[in-house]
Protein chains: 4
Amino acid sequence: MSITLLPDLLRTTRARTLALAAPLTDEDAQLQSMPDASPAKWHLAHTTWFFETLVLAPHLSGYRSFDDRWPRLFNSYYESLGPRHARPQRGLLSRPSLAEVKAYRAHVDAALADLLAHASPGVSALIELGCHHEQQHQELLLTDILHAFSCNPLLPVYDAAAPLKAEAPEQAWLPHPGGIVDIGHASDGFAFDNEGPRHAALLAPFQISNRLVTCGEYADFIASGGYREPLLWLSDGWAAVQAQGSQRPLYWLEDGSIFGLHGVQPLDPQAPVMQLSFYEACAFAEWAGARLPTEFEWEAARGLPGFAQAADQAWQWTRSSYAPYPGFKAAPGAVGEYNGKFMVGQQVLRGGSLATPAGHARPSYRNFFPPAARWQFSGVRLAR
Amino acid sequence: MSITLLPDLLRTTRARTLALAAPLTDEDAQLQSMPDASPAKWHLAHTTWFFETLVLAPHLSGYRSFDDRWPRLFNSYYESLGPRHARPQRGLLSRPSLAEVKAYRAHVDAALADLLAHASPGVSALIELGCHHEQQHQELLLTDILHAFSCNPLLPVYDAAAPLKAEAPEQAWLPHPGGIVDIGHASDGFAFDNEGPRHAALLAPFQISNRLVTCGEYADFIASGGYREPLLWLSDGWAAVQAQGSQRPLYWLEDGSIFGLHGVQPLDPQAPVMQLSFYEACAFAEWAGARLPTEFEWEAARGLPGFAQAADQAWQWTRSSYAPYPGFKAAPGAVGEYNGKFMVGQQVLRGGSLATPAGHARPSYRNFFPPAARWQFSGVRLAR
Amino acid sequence: MSITLLPDLLRTTRARTLALAAPLTDEDAQLQSMPDASPAKWHLAHTTWFFETLVLAPHLSGYRSFDDRWPRLFNSYYESLGPRHARPQRGLLSRPSLAEVKAYRAHVDAALADLLAHASPGVSALIELGCHHEQQHQELLLTDILHAFSCNPLLPVYDAAAPLKAEAPEQAWLPHPGGIVDIGHASDGFAFDNEGPRHAALLAPFQISNRLVTCGEYADFIASGGYREPLLWLSDGWAAVQAQGSQRPLYWLEDGSIFGLHGVQPLDPQAPVMQLSFYEACAFAEWAGARLPTEFEWEAARGLPGFAQAADQAWQWTRSSYAPYPGFKAAPGAVGEYNGKFMVGQQVLRGGSLATPAGHARPSYRNFFPPAARWQFSGVRLAR
Amino acid sequence: MSITLLPDLLRTTRARTLALAAPLTDEDAQLQSMPDASPAKWHLAHTTWFFETLVLAPHLSGYRSFDDRWPRLFNSYYESLGPRHARPQRGLLSRPSLAEVKAYRAHVDAALADLLAHASPGVSALIELGCHHEQQHQELLLTDILHAFSCNPLLPVYDAAAPLKAEAPEQAWLPHPGGIVDIGHASDGFAFDNEGPRHAALLAPFQISNRLVTCGEYADFIASGGYREPLLWLSDGWAAVQAQGSQRPLYWLEDGSIFGLHGVQPLDPQAPVMQLSFYEACAFAEWAGARLPTEFEWEAARGLPGFAQAADQAWQWTRSSYAPYPGFKAAPGAVGEYNGKFMVGQQVLRGGSLATPAGHARPSYRNFFPPAARWQFSGVRLAR
């Protein structure tokens, strides 16, 4: 990233995280509704810890850590960076307070400003990584608070503004001729390590939908008995449906309305369906006589004329499991733990969502979650 | 209770709950560290719900409930009073806020003041019950916040004042001749239903210790291998020790200090050992060549000269399981769910603790917890 | 026991265990349907291990153990006798075979015959204990195989003979005047350590039913909504009902018939209801406007004229938890682990059942199981 | 398959299953040591049920089912074929007996012989599928009995003959030029549906090891601290190692010997390491500075000169998750449940093992197991 843009990226990223947390009370910011989710306060602190530990401590001479007892609280999963507070217990950290975490942020921000003034390219790259890392947590902050609010019978509203009305284009199949395509990050700009190395892949001809599956279409799937017909489901998916007694997506209420960041809203038949698991996505596709695209198909089709709702509505489950690209090698040390060690048991999602920060996603971007994950802004684009 | 004392009891009880919560931040007040514990905020609200639901709604004409959606949040376990928010999820109620809960308290306090002015004896009795109920939750508020704080690696301090230095009297065995004794509540004053009916019981002669087991004595038990010798333990207790890898009481730290409401303190050999499970209490007694008293022995010996630390240090596990007294019959309706339905699988504790509100406990008082419970102010008085 | 009777007791006891296992195939004898139950083959071997380890090894000079690797397989819960094969994995011991276990029995029987010829009183007492221990396992063998068979959709029949028709006497309340009664084992004959010391207890006047609750009466309880009314249940019991979705006793089938040792039989309204948990017993008593007797009441009433079905139909849950009698002290060493270490978390059952060996039970006999146990021959005698 | 070969395949396959079960006692044949494993008796019956249900019932007119109550016992996972006995409870089916199951096999064999005499091509194809299905269960019978025996402290021996001595060729890297390769089943012979459609894939140049990783090499990995270094492991793998306290492969004993079908044997440094999880395979590869091949690389390299131990020692974990090939479409009905519904959460293994029936595997064969599975004959072939 050019030396003139990085300060701006850092400043806006850091400010946006605070802005996202602004509607939350101190109590809201501490909620952890399941082991896979984290409190908003923890997101605020962890993203700061990332800068402190990976950037400031090794690269800003004379840097004084804010509190020596905190790194173990806010280290997420970096084995090479020492012991960690157990993930399912993040919601038990009433101390430090939200105010103290904000002071931590300010302390680190000030030090980063110092460092930026004369940062080497290597250090700049780390700071840029920290910004993209924080952007990921911005989306997680929203998915996690939404899940937490969904556990409160009062169904608190994160954003009282009315949701934007979605306009679904007429469904159409976009043909792709297949052949050898280049996959992975190409430009000079930032990318995560898992987006490379860029490499060639061979595709058979395929068709992909111009838009995401809508809530109306998904409601038809339900109405036709989709959650009661085992033959539509992957075996693990059917087991999950049975175990959970699922009859609809996680945030669809019994009365036909849907809970979201704007509170309870009537089902909008034109809006993309979201918060689906991979299992639900596959079952819907089977019912619809179609399938999910592979992540390579998705990336190849991304630039086709008419390819709508690419990255602004919901992440799109792909039929690809999360695996290393040919020649991928994790970096040594803590930075290498960022992506590589999760490359099993997860499915790739492509695109981006209405909760993804502007400028964060790329056509080569690889999001990933376990197939059972239902609390992300995750939807379906069909292929055939 | 005399009509002149009840307003005072109500006022001081309600005020003391708020005072106990005063050192807590909004975030602290929301902590729920295990399904058996509840957030402080929930205790504040539940005790208020009790008055609203059992006293105001049926007995104050024209009473307007504070919020119709809240009863399901703050009903603890009353099946006859409708559906309830799942107990393990009490910590997920960031809304209502602590401030709103305090407003709820004020609303109910005002209505109670109205009602008190012309309350029938039956209603007065219900209000008195509500006060004693709230006093129970005052102790739970302290036990629960201490457990929650113990889960935070920062080990927050509830009360920064130095703990009182305990003075253990010289240990002595107090003899009791046995014979027929009267057990259960006798006077006109308040008592819970489980303290009656008063009835005769026959005791063999026994001896009981004049004081509680000290931390110094318990440290000797540990040092002599008490947590490694299965023959000292009840079978369920040994299984718990093995499953948890226990080597010492819950709040004893590896370095020999002890965590408590006043933070981490050096082990005081004279102080009564606390936060023991029934299993630990029995294993210690076995090691010491003694036993736990039955609840009847405890009650009979309570008035013996020299019987120290009766109710001001730690509840005392007894060898009696929690069962109905002869002729006990639960009241019909919700009030009847208060005690009777828990009369299996629990052991009786007698006495009172440093966390018990003044005036709350009585010689006939029956506290009860499952034998594995380790987070209460529960200690040991030996018998033989 | 007189020196002339012990050989006979030993012979008949050992023979009866084999006879009970005779209807079982090798495969049946290996079934373990839950951690709390054991395979029939394991019962055959464990009772033999008991004699080998506690009698032969220390007391028959020159005794050669059958197989040095087996004690760890067949030690049940004796911590003082070395490591044990995990209880839930007893069903995984296809080796030794049933035939090898029978050879083990013969080997031990032969050695016991040798020893008996010149056994000291102390050794004779241990052999007598081994016989009573084996009788306990005879009943467990039946309860456990019945549970195992109930898990097979084919519902195998243990005994193809038709069940005896039960004749319930007309229900009547037998009055007892209360007062001081002697409790515990009195005579010179055998008793387990937990039946003593004999001691006095004080009872209030009470009434006890002359017979057990019948299947017909229990069917009325079900029909009137007993499994749907939480106020009838102890809190733990209601939680169990909810978690298991219980609507009837464990072996009652949906079509109104009942599975038992004689296979599926139509409900006999006169037959005592069995295989109830303590929770079910209490809920029924509550519904019937009565209660369970304490174990002292039961023992005191045992000799009343008209007290029918004392020990020949079903064990009778009492309202007493399993606790040491005044002055009880477990013996040192392995024998001391027999009873004492289980004295928490269990309820006492009195009487005996149709599966109890003749001569095994006594009026002072204390059977015990956790309150949730549903697979024993356990029924209800009401008191009030 | 040619009409003349099918009867022979059927006969030899059916006979070999019985031969594999011959060393087992009735009790051995009933062992189920975990939900993922099945009793040998169940394998014998299930493979027979497959023929009865999918071949005989629909295609042999007048066929009389052996026992109408059995299909629910022996249906494995076919939702379209009715309710099933719960998988974790297969070990509780002492009835039908092993002898009855063998009679079932004979009954079905006789009917199949009738049908074969005039089977249509479609029916012949189903019979052939049934044979390959049964061959799969032959390997599972061995993996499952080995696991069951490993749970018995006596460590029973399945085959008392001495194991063959393995000869590991000198390790060498075989280069492959990459390029477009054809993947999937090609010939006219039998293949499972998941091996097609045949399609082209593009590979980068790579190298693959000429042989499997040996026990000696794996012992070096352990000795160098491989099970204690989290950075070598995938995140899920490290979590499994921590949760299980793993320090070596499942059947490696503490004393350095290894348990297998031939009993406990000294570690043979030249023998291929087996019974690894995908996690262990990846950690070893990381430690060795290499990686696992993809399934496409494996298939492309399969024919390279020097490619040893392809299918006769251990299945080889690949870096490919189990997913549908382009254009894959499951067949309608029960046959379609065979493979497709498992295409998530599993990794592909290629090759074959010493437990795989001769003639069963093919270069295009796709075996699959969850990454945590450790009880298969699964090893590692490295790539780079």
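Worth saying up front: this structure is predicted, and the values here are computed from it rather than measured. So you know, we letter chains A, B, ... as the sequences are listed, proteins then strands, and number each from 1.
Using a 4.5 Å cut-off between heavy atoms, D/Leu73 contacts chain C through its side chain alone, with no backbone atom that close. Residue contact with chain C, scored on non-hydrogen atoms closer than 4.5 Å, is absent for D/Leu24.
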Test side chain to side chain contact (heavy atoms under 4.5 Å, CB included) applied to D/Asp28 and C/Arg95, step by step
CA-CA 8 Å; D/Asp28 295 336; C/Arg95 319 282 179 94; 2.6 Å; yes
Under the side chain to side chain contact (heavy atoms under 4.5 Å, CB included) criterion, do C/His85 and D/Asn152 qualify, and how do the steps go?
CA-CA 9 Å; C/His85 186 61; D/Asn152 186 332; 5.9 Å; no
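In terms of heavy-atom proximity, C/Leu31 sits nearest to D/Gly91 at CD2-O, 3.8 Å.
Ranked by non-hydrogen atom pairs under 4.5 Å with chain D, the options C/Asp67, C/Thr25, C/Leu98, C/Leu92 are led by C/Leu92. Counting heavy-atom pairs under 4.5 Å between each of C/Gln89, C/Arg69, C/Arg72 and chain D puts C/Arg69 at the top.
Rounded to the nearest 0.5 Å, atoms OG (C/Ser94) and CG (D/Leu154) are 9.0 Å apart. Remark: C/Glu27 CD to D/Lys41 NZ distance equals 4.0 Å, nearest 0.5 Å.
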